[in-house]
Amino acid sequence: MKRPYLPRLRIQRATWPRPALILTDSPRPGCPQCDGIGGTESFYGDYETGEYAGSDWDPCDCWREHWRWALLPLPRRPLWPRHTNPGPDPWATDEPPF
């Protein structure tokens with residue numbers, strides 16, 4: 001009998017499409033298929049030269065990588081600083097330090 005899927009939830013910070021705290025699923029640490037990584041990576045090469053051409057990612061059944069829920073939107077950082085140039089440094093002098 002197959003056990004029902006129980007999510008292992010964790011909190012992360014997302015930056016796209018806007019900054020927020022999100023609740024996501026994480027891979028099962030003791031999974032015998034993926035060793036807790038969440039999937040397997042398959043490398044493949046070019047048919048003509050045999051050189052490395054890329055890799056494929058096959059997600060494991062112990063992890064739902066697209067399960068995400070936004071918990072709290074975070075404020076955006078301003079694009080421009082709020083303050084302007086405060087002027088010359090009042091402690092700067094032309095005198096030598098000795």
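Owing to the predicted nature of the structure, the values given are computational and were not obtained by experimental measurement.
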Problem - Step-by-step side chain to side chain contact (heavy atoms under 4.5 Å, CB included) determination, Ser26 to Leu9 - result: CA-CA 6 Å; Ser26 60; Leu9 301 174; over 6 Å; no

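Environment of CG in Leu72: crowded, with over 12 heavy atoms of neighbouring residues, nucleotides or ligands closer than 6.0 Å.
Considering all non-hydrogen atoms of both residues, Gly39 and Cys34 come closest at N-CB, 3.6 Å. The minimum heavy-atom distance between Gln33 and Thr40, with the atom names listed, is O-CG2, 4.1 Å. Listed here is the closest heavy atom pair of Leu74 and Arg18: O-NH2, 3.5 Å.
Using a 4.5 Å heavy-atom cutoff, the side chains of Pro27 and Cys60 are not in contact. Counting heavy atoms from C-beta on, the side chains of Leu71 and Ile11 come closer than 4.5 Å. Asp25 has its side chain within reach of Arg8: a pair of non-hydrogen atoms, C-beta onward, lies under 4.5 Å apart.
Other residues sharing a hydrophobic cluster with Ile37 under the 4.5 Å side-chain heavy-atom criterion for ILVMFWY residues are Trp57, Trp63.
In this structure, Thr24 OG1 and Trp67 CH2 are separated by 12.0 Å, a value rounded to the nearest 0.5 Å.
Applying the side-chain hydrogen bond (donor to acceptor under 3.5 Å, both in side chains) definition to pairs two or more places apart or across chains, those involving residues 43-55 are Glu41-Ser55, Asp46-Thr49.
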